[in-house]
Protein chains: 2
Amino acid sequence: MLTTLRPELNEKLFLRDPHETDLGRKIIATSVQLIDELGFELFTFKKLAQQIGSTEASLYRYFENKHRLLVYLISWHWAWLRFQIRFHTHNVTDPHARLRLILGIITNAHRDNAATPELDEAALYRVVVAEASKTYLTREVDQVNHDGFYREYKSLCADITAVVQEIAPHYPYPHALVSTLLESARKQLFFSQHLPSLADTPTPETAKQDILGFLENIAFSVLSK
Amino acid sequence: MLTTLRPELNEKLFLRDPHETDLGRKIIATSVQLIDELGFELFTFKKLAQQIGSTEASLYRYFENKHRLLVYLISWHWAWLRFQIRFHTHNVTDPHARLRLILGIITNAHRDNAATPELDEAALYRVVVAEASKTYLTREVDQVNHDGFYREYKSLCADITAVVQEIAPHYPYPHALVSTLLESARKQLFFSQHLPSLADTPTPETAKQDILGFLENIAFSVLSK
DNA sequence: CTCCGGATAATAGTTTTACTACCATTTATA
DNA sequence: TATAAATGGTAGTAAAACTATTATCCGGAG
């Protein structure tokens, strides 16, 4: 099970595989907690090292810098989403039903009963909502992209795009639609928490369900034409 | 004309009004150039001061920090968009035509013939595309929002939402739709330039037109139900 | 005209972050 | 057991983000 939940990420994402060592696993688990708590800007390798009981230099042996660590964590989440999608849509033949399931998974509106022992999955999702855009909103996008660091996200989009194209083979914007749905799922959750006048989520309790309704409405309106 | 193009921004956005002094105007004009060139992370008050021929301490008299300066610049853009929307839809009565015009304006697909003497409007738009999310993806969102720093963006959304509600009074997600369209306009342009597999823009030349088509397709599919 | 007060800008710091070079220790293997 | 390779720890540096202090300008009161 553990192996299944630990997808193979691009090896360039790290200098040394954090899953191989005790310190490495501590880095992953503790950085999620700390970024969730402090936000990415205030998060530093020094604070992380103190929390772990290690030193800055040791952390730099695993990740080139804190941005690469963020890319690793976010990539892990995309790979994990992709795994969940494959798992839950495994024997669903109707593409409409598949897309509906996928939207449920990407809005995190489904209940998550799988165990991820090394990682606080809820904390990671909060980090994804607040910080994921920062993985590519950087001057080094093109370099980072060229090195294949966004492979997980692009694979996830490609998988969902295939479902969209199965539903509507002649729809002209399948890639844009999928990336918009993925981005909007996170952004609307962020807005519902911090800038509610930009969202339509009356109560925080039902926010994820409301967002799911919104995304389903967009997807199926657009694809049913 | 100049006064019209210089909307009243929230006074809390700055410590001293940059439009009142020579140095202030230089800060605005030069910071747009520098952020466009370096990206927000590598942009510093020291570099800006050197470029202007001033000092760090002087800049801190105008803006609390570089993040507040970014919020100011981005707010200026939202206010400017809102002005353009009012100007171009002034005597358009059909809400469908108005929304179509608005989408053209927010994708920057329309030709801009207005003069903005103090500001390189094209450079500012590139900054908006690459950096706007960073104005709210910060630990201080709630504080910054409470101080009214996102007023311009929220007013812009509110104006467009009103048009949406005129078209479809019973559509349940007007706020989410508008913020998604606004966010997607920028993000799809970014993707078309840096992560093209997430967009549907075959050539860079037609990117803005393609994105406009995508957004129109979403908006009118959703609202025509 | 000149002296004074307040506003503005420049100088020269401090603290923190991001990173690096170097040293010590442990572990794996010949 | 010897040794080198891997791992971790120490002690820096350069730059960024701010800040406290000092210098300069500028408009009015005497």
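Reminder, nothing fancy here: chain letters follow the sequence lines and each chain counts from 1.
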Notebook entry, point to check: Once each nucleotide of nucleotides 21-26 of chain D is scored for protein heavy atoms under 4.0 Å, what B/S/- sequence comes out, 5' to 3'?
Noted result: ------
Next item on the list: Provide, to the nearest angstrom, the distance between the CG atom belonging to B/Leu15 and the C1' atom belonging to D/dT19.
Entry: 14 Å
Next item on the list: Go through the steps to decide whether A/His194 and B/Tyr136 satisfy the test ring-ring contact (aromatic ring centres under 6.0 Å, His included), and finish with yes or no.
Entry: CA-CA 9 Å; A/His194 300 288; B/Tyr136 52 79; 9.6 Å; no
Item checked: Verdict with supporting geometry, A/Gln188 and B/Thr180, side-chain hydrogen bond (donor to acceptor under 3.5 Å, both in side chains) -> CA-CA 8 Å; A/Gln188 289 298 316; B/Thr180 295; 3.3 Å; yes
Note to self: Check this for me, if you would: do A/Lys46 and A/Glu56 make a salt bridge, where the nitrogen-to-carboxylate-oxygen distance has to be below 4.0 angstrom?
What the structure shows: no
Next item on the list: With side chain to side chain contact (heavy atoms under 4.5 Å, CB included) as the test, would you mind laying out the steps for B/Leu156 and B/Ile85 before giving the verdict?
Entry: CA-CA 9 Å; B/Leu156 176 63; B/Ile85 287 171; 3.7 Å; yes
Check: Is there side-chain contact between B/Glu20 and B/Arg16, with heavy atoms separated by less than 4.5 Å?
Finding: no
Item checked: chain B footprint on DNA chain C, 5' to 3' - any atom under 4.0 Å from a heavy atom -> C/dT8 to C/dT11
Check: Given A/Leu181, which of A/Ile160, A/Leu103, A/Thr107 fulfils the side chain to side chain contact (heavy atoms under 4.5 Å, CB included) condition?
Finding: A/Leu103
Note to self: Are B/Leu69 and B/Phe43 packed together at the side-chain level, in the sense that at least one heavy-atom pair is separated by less than 4.5 angstrom?
What the structure shows: yes
Margin query: Please classify the nucleic acid contact of A/Ser54 as base, sugar-phosphate, or nothing, using heavy-atom distances under 4.0 Å.
Written below: sugar-phosphate
Notebook entry, point to check: Quick one: is the NZ or CZ of B/Lys66 closer than 6.0 Å to the six-membered ring centre of B/Phe40, and within 45° of its axis?
Noted result: yes
Note to self: Counting C-beta onward and ignoring hydrogens, is there a side-chain heavy-atom pair between B/Leu15 and B/Tyr60 closer than 4.5 Å?
What the structure shows: no
Return the polar atom pairs (N/O with N/O) between nucleotides 12-18 of chain D and the protein under 3.5 Å, or none.
unit_1: D/dA17; atom_1: OP1; unit_2: B/Lys66; atom_2: NZ; d: 3.4
unit_1: D/dC18; atom_1: N4; unit_2: B/Glu56; atom_2: OE1; d: 3.2
unit_1: D/dC18; atom_1: N4; unit_2: B/Glu56; atom_2: OE2; d: 3.4

Next item on the list: Begin with the C-alpha distance, continue with both residues' side-chain angles, and end with the deciding distance and a verdict on side chain to side chain contact (heavy atoms under 4.5 Å, CB included) for B/Leu13 and B/Arg68.
Entry: CA-CA 7 Å; B/Leu13 280 169; B/Arg68 292 293 161 94; 5.9 Å; no
Next item on the list: Assign A/Phe63 to base, sugar-phosphate, or nothing according to its heavy-atom contacts below 4.0 angstrom with the strands shown.
Entry: nothing
